Number of protein chains: 4
Amino acid sequence: MFKTVKQNKAYQDVVEQIQEAIMEGALKPGSQLPAERELKEQFGISRGTLREALRVLEQKGLIEIRTGVAGGSIIREINSENLSENLGMLIRNRSVSLHDLAEFREGMEGDVAALAAQRAAKGDLAQLVELLGEAGGHLKQGRKGWDAFIRTDEQIHLELARMSGNQLFIAVLTSVYRNIHTYYENYLPWSKELLQENFDDLRNIVAAVSEHDAEAARQMALEHVRRFNGYMEKKQV
Amino acid sequence: MFKTVKQNKAYQDVVEQIQEAIMEGALKPGSQLPAERELKEQFGISRGTLREALRVLEQKGLIEIRTGVAGGSIIREINSENLSENLGMLIRNRSVSLHDLAEFREGMEGDVAALAAQRAAKGDLAQLVELLGEAGGHLKQGRKGWDAFIRTDEQIHLELARMSGNQLFIAVLTSVYRNIHTYYENYLPWSKELLQENFDDLRNIVAAVSEHDAEAARQMALEHVRRFNGYMEKKQV
Amino acid sequence: MFKTVKQNKAYQDVVEQIQEAIMEGALKPGSQLPAERELKEQFGISRGTLREALRVLEQKGLIEIRTGVAGGSIIREINSENLSENLGMLIRNRSVSLHDLAEFREGMEGDVAALAAQRAAKGDLAQLVELLGEAGGHLKQGRKGWDAFIRTDEQIHLELARMSGNQLFIAVLTSVYRNIHTYYENYLPWSKELLQENFDDLRNIVAAVSEHDAEAARQMALEHVRRFNGYMEKKQV
Amino acid sequence: MFKTVKQNKAYQDVVEQIQEAIMEGALKPGSQLPAERELKEQFGISRGTLREALRVLEQKGLIEIRTGVAGGSIIREINSENLSENLGMLIRNRSVSLHDLAEFREGMEGDVAALAAQRAAKGDLAQLVELLGEAGGHLKQGRKGWDAFIRTDEQIHLELARMSGNQLFIAVLTSVYRNIHTYYENYLPWSKELLQENFDDLRNIVAAVSEHDAEAARQMALEHVRRFNGYMEKKQV
DNA sequence: GTGGTCTAGACCACA
DNA sequence: GTGGTCTAGACCACG
């Protein structure tokens with residue numbers, strides 16, 4: 001199945017061969033690569049080199065290396081985790097400021113809410129309402145429920161992204177949330193009023209989505225994000 | 001009650017430590033990591049394990065490994081290459097469809113154009129106009145200028161992103177363009193009329209940006225993207 | 001700049017999680033851990049690894065593993081048995097000589113006797129007197145009562161430690177006695193006079209404790225121990 | 001060398017055989033046990049069972065398991081680490097209170113100081129004086145030197161224990177110090193005056209030890225410890 | 001190339 | 001049904 005590797009950049013060659021085999025569908029997700037000791041024979045390389053290649057593939061999210069009897073290198077379903085991680089690195093690197101992040105989010109949230117409103121299925125809506133209920137419960141617990149509320153808040157936003165059905169929005173927003181979190185926790189002066197306001201916004205967005213009113217949902221989401229960004233920038237000064 | 005145990009592999013630990021050092025700025029781009037033989041001492045691991053870690057970092061785009069007398073592991077500027085690569089894999093894998101990509105672009109282009117209109121400096125505008133001139137030139141060359149026109153078209157869009165001043169938009173849009181290219185080339189029934197229409201759109205957008213009319217720019221950009229997406233989807237059927 | 005990598009073994013992680021749960025009181029003594037087949041699910045590990053973890057916990061004295069249908073891992077009361085065992089290994093390993101042991105005992109016995117004198121309750125004193133009576137009885141039986149006498153002697157000392165109310169003294173002295181025994185049996189030239197002298201010492205110590213005379217008790221105990229140590233060292237030469 | 005295991009508690013049997021071999025000196029510290037795959041043959045058990053046995057021995061501090069080509073199960077020098085861990089558990093569990101610990105220390109420190117005074121060699125004294133100098137230096141640095149001072153303080157006490165030449169005192173005191181630390185750091189209201197007082201005490205003790213005045217050293221140490229215990233108990237209320 | 005780590009699934013003995 | 005034991009095979013790490 002695989003060709004013997006010629007010369008320089010041996011591990012790169014191995015990576016490319018396996019990657020190509022996966023991309024072309026010759027290796028299906030869930031199936032297994034041969035054991036390391038056999039692969040190294042097929043490629044005509046040493047085990048160390050092979051392991052470097054497998055590491056790179058693992059890092060790319062193409063394979064998962066498991067130990068044990070049913071272990072080995074298993075082809076993974078391609079997903080957007082890596083995309084999120086890369087975006088996260090860009091954000092954390094401060095080449096992306098909080099302001100950039102907020103500005104970016106403004107545009108996205110509106111689009112996502114609008115798409116969610118257009119495509120919401122009944123099951124999705126039920127899920128949204130349940131999350132909203134949870135959030136309300138956390139809010140009533142007072143200060144000790146704040147953390148849980150913020151987490152549920154985030155879940156609602158991600159659920160909206162999921163409802164948009166667009167993998168790209170999901171991946172990018174997930175990454176944005178994962179990284180905006182630290183800013184919120186450090187910079188935002190959380191207060192009961194703020195959380196309540198936040199909760200009201202969420203309720204409005206969910207209502208608009210339930211009625212499949214895309215433009216209303218977009219507008220609600222946009223205002224919601226814009227108001228929060230305003231709070232954060234004020235605080236940061 | 002108990003958490004699932006995550007098998008901490010030695011090389012992973014090394015990756016995280018170096019990555020963290022880079023992210024926190026303890027290691028600046030351009031600077032060099034200590035030699036492998038010293039690093040392995042600092043981490044208390046073997047050379048093989050260290051090399052696996054360095055490969056992963058290289059794959060992540062965080063370092064560049066050079067051979068030779070002045071060689072070693074050099075810290076790289078963080079860039080969006082990896083983001084593009086991941087996006088490319090998702091697209092090739094059909095996890096992200098053309099429709100997803102187009103939908104995503106619709107939202108983003110409008111935002112970017114609006115921001116560019118708000119923030120355009122004189123130098124930026126001159127650059128835009130120059131690019132527009134180039135595009136016009138290519139268009140007049142007839143069929144043999146088409147390729148050059150499409151490239152210039154893309155450059156104009158990226159210049160708008162650059163003018164927005166938002167690193168996140170720049171990184172994400174760059175990745176999107178790098179990958180949407182293949183679709184355009186393969187699926188779109190390029191014709192003289194189409195290119196002319198495209199050129200007119202660009203001129204309108206640049207005009208709106210020049211007048212700092214954010215909403216007009218947004219609207220122009222949105223329509224432009226939407227129309228093209230329409231052509232592509234029709235063709236795809 | 002970088003830390004040495006600690007290879008985190010899966011079983012260690014499990015040990016720490018369970019130990020922490022016990023220490024924090026989340027798992028109360030007497031309660032039961034879930035069955036192995038369920039625990040392995042919770043931790044996401046194999047049964048073999050889990051069993052290694054349970055063995056370590058058993059060895060630490062934190063759990064007791066029972067077989068059978070109502071069996072399983074039962075949380076134990078934390079006690080000082082292990083402390084004694086470890087101290088015992090140190091002593092047996094000859095890194096602690098008889099002389100070291102004797103010297104150590106000199107300091108401790110005085111302190112313990114003084115504390116016992118200060119804190120003796122009536123019930124405690126009655127117990128002491130009863131033990132003293134037993135010892136006297138054994139002494140009268142002649143040679144065949146010697147062994148029993150020595151055992152009762154030790155019990156009196158441990159009772160004094162118990163009366164001090166200090167768990168640390170109890171644990172350490174228990175361990176010392178458990179391990180000094182071998183020396184006494186092998187090296188000391190037991191004789192009727194020696195036992196009688198020993199008995200008189202005990203009577204004096206008990207008397208001082210009964211009168212709550214801490215300093216007298218300390219002095220008596222110190223002399224008692226010191227004289228015996230003298231005999232032993234003479235013999236050893 | 002080892003016998004085949006019969007039936008019941010296979011792993012226990014293995015533990016005992018190896019432990020006995022170590023205790024009797026048949027296996028010297030630093031030497032290596034055969035590889036797992038060979039040991040399992042010798043004992044006639046499976047690898048899993050053998051590993052359970054090795055885990056127990058590792059937990060007991062009798063062997064150290066290393067990975068890699070020169071790896072395997074290596075016989076360890078018996079030390080007091082385990083003793084410290086056990087003591088720590090008893091303390092965290094409140095089986096041994098701070099008061100117990102302090103009371104225990106009172107008795108021991110006096111004895112240790114007296115023994116150190118009797119046996120101090122010139123090299124030992126030089127070492128003591130050097131540590132004292134360090135402590136003085138840390139003290140002059142003000143608040144930022146406090147931590148270093150406390151650590152040096154502890155080192156001086158342990159040096160005294162080492163000078164006593166009694167392994168038992170060394171082991172027990174080391175364990176006590178390792179665990180009393182947390183109390184000092186959390187409960188004691190450190191202040192400049194307190195540290196100065198502490199430093200003066202240390203100077204007096206070292207002076208007495210230098211003059212080989214055992215009783216003075218004992219008295220100084222006792223007062224030193226007692227005063228500190230007083231502060232801590234007052235604070236705790 | 002050696003040796004430790006971890007896994008999955010199986011059978012046995014016992015309370 | 002629960003712990004006790006076994007098997008075989010794969011990765012992980014070292015020098």
Side-chain angles (χ1 to χ4, degrees), chain A residues 32-40 46-48 50-51 54-55 58 63-74, chain B residues 5 7-14 37 40 43-53, chain C residues 5 7-14 32-41 43-55 58 63-74, chain D residues 5 7-14 32-40 43-55 58 63-74:
Chain A
Q32 238 167 320
L33 248 47
E36 287 187 358
R37 281 158 185 84
E38 193 184 332
L39 270 179
K40 85 171 184 181
S46 78
R47 221 159 121 228
L50 175 62
R51 286 174 63 77
L54 291 179
R55 284 290 164 247
E58 188 185 40
I63 64 172
E64 179 190 348
I65 302 180
R66 280 195 212 144
T67 64
V69 62
S73 302
I74 291 143
Chain B
V5 172
Q7 203 179 329
N8 240 356
K9 295 165 194 168
Y11 84 92
Q12 255 309 356
D13 202 336
V14 174
R37 284 162 192 80
K40 83 169 188 184
F43 285 113
I45 55 174
S46 74
R47 192 136 166 260
T49 304
L50 176 61
R51 288 177 63 79
E52 288 181 32
Chain C
V5 171
Q7 206 176 327
N8 238 355
K9 296 166 194 169
Y11 86 91
Q12 258 306 357
D13 201 338
V14 174
Q32 227 166 330
L33 247 49
E36 290 187 358
R37 285 164 182 81
E38 192 186 331
L39 270 180
K40 86 170 183 176
E41 297 297 330
F43 285 112
I45 55 176
S46 75
R47 198 153 157 235
T49 304
L50 175 63
R51 285 178 63 75
E52 288 181 32
L54 292 179
R55 282 290 167 244
E58 187 185 42
I63 64 171
E64 181 190 345
I65 302 179
R66 287 196 204 141
T67 63
V69 64
S73 303
I74 291 141
Chain D
V5 171
Q7 277 288 330
N8 231 343
K9 298 266 189 189
Y11 86 94
Q12 251 317 349
D13 204 337
V14 175
Q32 234 167 323
L33 249 48
E36 289 187 359
R37 288 165 179 82
E38 191 184 333
L39 270 179
K40 85 167 188 184
F43 284 113
I45 55 174
S46 79
R47 192 108 179 270
T49 304
L50 174 62
R51 286 174 62 76
E52 288 182 31
L54 291 179
R55 284 289 166 244
E58 188 186 41
I63 65 173
E64 180 190 347
I65 303 179
R66 284 193 208 144
T67 63
V69 64
S73 303
I74 290 144

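Letters A, B, ... are given to chains in the order of the sequence lines, protein chains preceding strands, and every chain is numbered from 1. The structure presented is a predicted model; accordingly, all values stated were derived computationally and were not measured.
The CG atom of D:L54 sits 15 Å away from the C1' atom of E:dC6 (whole-angstrom rounding). Per the geometry, CZ belonging to D:R66 stands 12 Å off C1' belonging to F:dC14, to the nearest Å. Look at CG on D:D13: it is 14 Å from C1' on F:dT5, rounded to the nearest Å. Atom CG in C:N8 sits about 12 Å away from atom P in F:dA13, given to the nearest Å. Atom pair C:Q32:CD and F:dT2:P shows a separation of 9 Å (rounding to whole Å applied). Nucleotide E:dA8 holds its C1' atom 14 Å from the CG atom of C:L50, rounded to whole Å. Rounded to whole Å, the distance from CD on A:E64 to P on F:dC12 is 11 Å. One interatomic measurement links the two molecules: CG of A:L39 to P of F:dC11, which rounds to 8 Å at whole-angstrom precision.
Along DNA chain F, the nucleotide nearest to C:G72 and the one nearest to B:A10 differ in position, and the one closer to the 5' end is contacted by C:G72. Across the interface with DNA chain E, nearest-nucleotide mapping of C:E52 and D:A70 shows D:A70 to be the residue nearer the 5′ end. Nearest-nucleotide mapping onto DNA chain E: of A:K40 and C:T67, the residue sitting toward the 5' end is A:K40.
Ion pairing between D:R55 and D:E52 fails under the 4.0 Å rule for side-chain N and carboxylate O.
Going from atom CD1 of A:I74 over to atom CD of A:Q32 covers 5.0 Å, rounded to the nearest 0.5 Å. To the nearest 0.5 Å, atoms CG (A:L54) and CG (A:L39) are separated by 6.5 Å. Atom-to-atom distance recorded for A:S46:OG and A:R51:CZ is 11.0 Å, nearest 0.5 angstrom. Once rounded to the nearest 0.5 Å, the distance linking CG of B:N8 with CD of C:Q12 reads 13.0 Å.
When atom types are taken as modelled, the side chain of D:E36 and the backbone of D:G72 share no donor-acceptor pair closer than 3.5 angstrom.
Among all heavy-atom pairs drawn from C:F43 and C:L50, the shortest one is CD1-CD1, 4.4 Å.
No contact: A:G48 has no heavy atom under 4.0 Å from any strand. Residue-level contact check: A:E36 touches the backbone only, with heavy atoms under 4.0 Å from sugar-phosphate atoms and none from bases.
Phosphate contact (OP1/OP2 of F:dG3, side-chain N/O of C:R51, threshold under 4.0 Å): absent. Between E:dT5 and D:R55, a contact under 4.0 Å exists linking OP1 or OP2 to a side-chain N or O.
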In dot-bracket form, how is DNA chain E paired, counting a Watson-Crick or G-U wobble pair only if both its distances are under 3.5 Å and using | for bases paired to another strand?
||||||||||||||.

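Residue D:R47 places its CZ atom among more than 12 non-hydrogen atoms of other residues, nucleotides or ligands, all under 6.0 Å distant.
Each of E:dT7, F:dG4, E:dG4 was ranked by its minimum atom distance to the side chain of C:S46; first place goes to E:dT7. Distance from the side chain of D:T49 is smallest for F:dC6 among the nucleotides F:dT2, E:dG4, F:dC6. The nucleotide whose nearest atom lies closest to any side-chain atom of A:V69 is, among F:dG9, F:dG15, E:dC6, F:dG9.
Side-chain atoms of C:R37 come within donor-acceptor range of the base of F:dG3, with a qualifying N/O pair under 3.5 Å. D:R47 contributes a side-chain N or O that forms a donor-acceptor pair with the base of E:dT5 under 3.5 Å.
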